[in-house]
2 protein chains.
Amino acid sequence: MAERGRPRSFDRQAALERAMDVFWERGYQAAAMSDLTEAMGINSPSLYAAFGSKEELYREAIAHFAATESDDILSPLQNAPTARAAIEGYLMASAKTFTRPGRPPGCMVVLSAVNAIGVGDETTRILREMRAGSVTMIEERLRRAIAEGELPSSLDPHPIASYYVTVQQGMSIQARDGASRQVLEMIAQGAMAAWDALTIPKAA
Amino acid sequence: MAERGRPRSFDRQAALERAMDVFWERGYQAAAMSDLTEAMGINSPSLYAAFGSKEELYREAIAHFAATESDDILSPLQNAPTARAAIEGYLMASAKTFTRPGRPPGCMVVLSAVNAIGVGDETTRILREMRAGSVTMIEERLRRAIAEGELPSSLDPHPIASYYVTVQQGMSIQARDGASRQVLEMIAQGAMAAWDALTIPKAA
DNA sequence: TCGATTGTGTATCGATCGACACATAAATGG
DNA sequence: CCATTTATGTGTCGATCGATACACAATCGA
């Protein structure tokens, strides 16, 4: 059962995290192989032996991002007691994680391949599905709230979910422009100001 | 007064517009000189003679963008009769211009240099000022509304302006992911749902 | 100990990047 | 006409891109 051949001399997971930081900060295209190998502390052939190619490394990096950073943002959607608290928690957690000291500002899934040039079609599809997945998760939380009687059954969850995800994606841009956690939290509160108007059935 | 030397054989303004399209669609880095010269219908030395460098061409392109596309978005802020109509018009105009057929989706100022790598510091500063300029313009419109008695004087314009600009920047991301004008308009309406809660002084 | 297998470091590949040298073409003023 | 000035097209520059060839090192099973 033991591994054959010469053992790898570096920590694959640690190297992946360093690569994630580079992709996160610079974006896919601007992250040169030399940037990656320098940050990972390995030579180019070791990178290719362990990860296959720059694009495969990038895919592993966004998967690792989703499993760590992204999870912090989405967990309020599952755990908060009400739909309103869930979405507020989602935005407030975004404000926090988008401005973590020592980490690139904003969301890697949103910012690291905006123009989708140079990255393969399959990777582009994965990124789009991850972004669309946030909308789906919020929709489901809203549907649950409808089923539980918190929100009226006449509500259409989709536009509400799209709206809040749009705000959250805009917060990534703001974070890149230097917005602090406090500023992002103010923006999140601004977005939550729409809650009652969006969820209480109109007389019209 | 006539021009000396051999006259330029191409329309400089038309070439600039083609270059703008390339930068807008692909982003600054991914726009290769070969992409630009092909779209502009000229050879590399002609580009350098007329525009100086890739980055100077890019600066002219974003200036041209601001003078045309961007103006369509910001004009409601000046012309609408009320602050609410101004901001609603700003978002609705964004929904329209972000999905114009035959043009790249979303806003060039927001999308074409997200990671700000490879582009010079001065150009980065210009882009950030353009983005921040939207916040300032909305703030001023809100202040005008306060002065005119439309909005209460206790209102703080800055967080409201930041909030709406954040929504608009998120709409650029949504447009890049294929959102239609109708979807973006729904999102804009979602953002406007916060208006009363943001502008009517709270009892608290 | 030895063949098989796998990882590492050096050095470099062809392709492409942004930018330009140079000779020529096309306009001007005199 | 000619000297000057500016633009164009061909060709190519050094640098860097992502990706490997190759020889050697380090582990395995037998």
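Just so it is clear: chains get the letters A, B, ... in the order the sequence lines come, proteins before strands, and each one is counted from 1. We use all heavy atoms of the structure for the numbers below, so side chains are in, but hydrogens, waters and symmetry mates are not.
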Atom-to-atom span, [atom1] of [X] to [atom2] of [N] - whole angstrom:
{"X": "A:Arg26", "N": "D:dT16", "atom1": "CZ", "atom2": "P", "answer": "13 Å"}
{"X": "A:Leu57", "N": "D:dA19", "atom1": "CG", "atom2": "C1'", "answer": "14 Å"}
{"X": "B:Glu38", "N": "C:dG18", "atom1": "CD", "atom2": "C1'", "answer": "17 Å"}
{"X": "B:Lys54", "N": "C:dC20", "atom1": "NZ", "atom2": "C1'", "answer": "17 Å"}
{"X": "B:Met40", "N": "D:dA7", "atom1": "CE", "atom2": "C1'", "answer": "14 Å"}
{"X": "A:Gln29", "N": "C:dG18", "atom1": "CD", "atom2": "P", "answer": "11 Å"}
{"X": "A:Ile42", "N": "C:dT10", "atom1": "CD1", "atom2": "P", "answer": "14 Å"}
{"X": "B:Tyr58", "N": "C:dA19", "atom1": "OH", "atom2": "C1'", "answer": "20 Å"}

Identify whether any heavy atom of A:Ala30 sits under 4.0 Å from a base atom; if not, whether one sits that close to sugar-phosphate; answer base, sugar-phosphate or nothing. nothing
Contact class for B:Ala32 (heavy atom, under 4.0 Å): base, sugar-phosphate, or nothing?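 Result for B:Ala32 = sugar-phosphate.
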Ring geometry between B:Phe23 and B:Tyr28 (parallel below 30°, tilted from 30 to 60°, perpendicular above 60°):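 Judged by the thresholds at 30° and 60°, the geometry between B:Tyr28 and B:Phe23 is parallel.
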Nearest-nucleotide 5' precedence on DNA chain D, B:Ser44 against B:Phe10: B:Phe10
Quick one: on DNA chain D, does B:Pro7 or B:Pro45 contact a more 5' nucleotide (nearest heavy atom)?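 Per heavy-atom nearest nucleotide, the more 5' residue is B:Pro7.
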Look at [X] and [N] and indicate whether a side-chain polar atom (N or O) is within less than 4.0 Å of OP1 or OP2.
{"X": "A:Asn43", "N": "C:dT8", "answer": "no"}
{"X": "B:Tyr48", "N": "C:dA19", "answer": "yes"}
{"X": "B:Arg8", "N": "D:dA7", "answer": "yes"}
{"X": "A:Ser9", "N": "C:dT8", "answer": "yes"}

I want to confirm an ordering. Mapping B:Gly52 and A:Gly5 to their closest nucleotides on DNA chain C, which one lands closer to the 5' end? A:Gly5
Taking atom CD as the centre, does B:Glu38 end up with more than 12 heavy-atom neighbours from other residues, nucleotides or ligands that are less than 6.0 angstrom away?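 No, not enclosed.
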Counting side-chain heavy atoms from CB outward, which of [options] is closest to [X]?
{"X": "A:Arg4", "options": "D:dG29, D:dG9, C:dC20", "value": "D:dG29"}
{"X": "B:Ser46", "options": "C:dA19, C:dC17, D:dT8", "value": "D:dT8"}
{"X": "B:Arg6", "options": "C:dG9, D:dT6, D:dA19", "value": "D:dT6"}

Is the closest side-chain heavy-atom distance between A:Gln174 and B:Val165 below 4.5 Å?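 Yes, side chains in contact.
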Tell me every residue that passes salt bridge (charged side-chain N to carboxylate O under 4.0 Å, His left out) with A:Asp72, counting only those two or more places apart in sequence or in another chain.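 A:Asp72 satisfies salt bridge (charged side-chain N to carboxylate O under 4.0 Å, His left out) with A:Arg100 once adjacent residues are dropped.
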Would you say B:Ser112's side chain and B:Val109's backbone share a donor-acceptor pair under 3.5 angstrom? no
Could a donor-acceptor pair under 3.5 angstrom be found where the side chain of B:Ser34 meets the base of C:dC17? no
A:Gln169/B:Gln169 under side chain to side chain donor-acceptor pair (under 3.5 Å): CA gap, chis, key distance, verdict: CA-CA 8 Å; A:Gln169 292 176 349; B:Gln169 292 176 348; over 6 Å; no
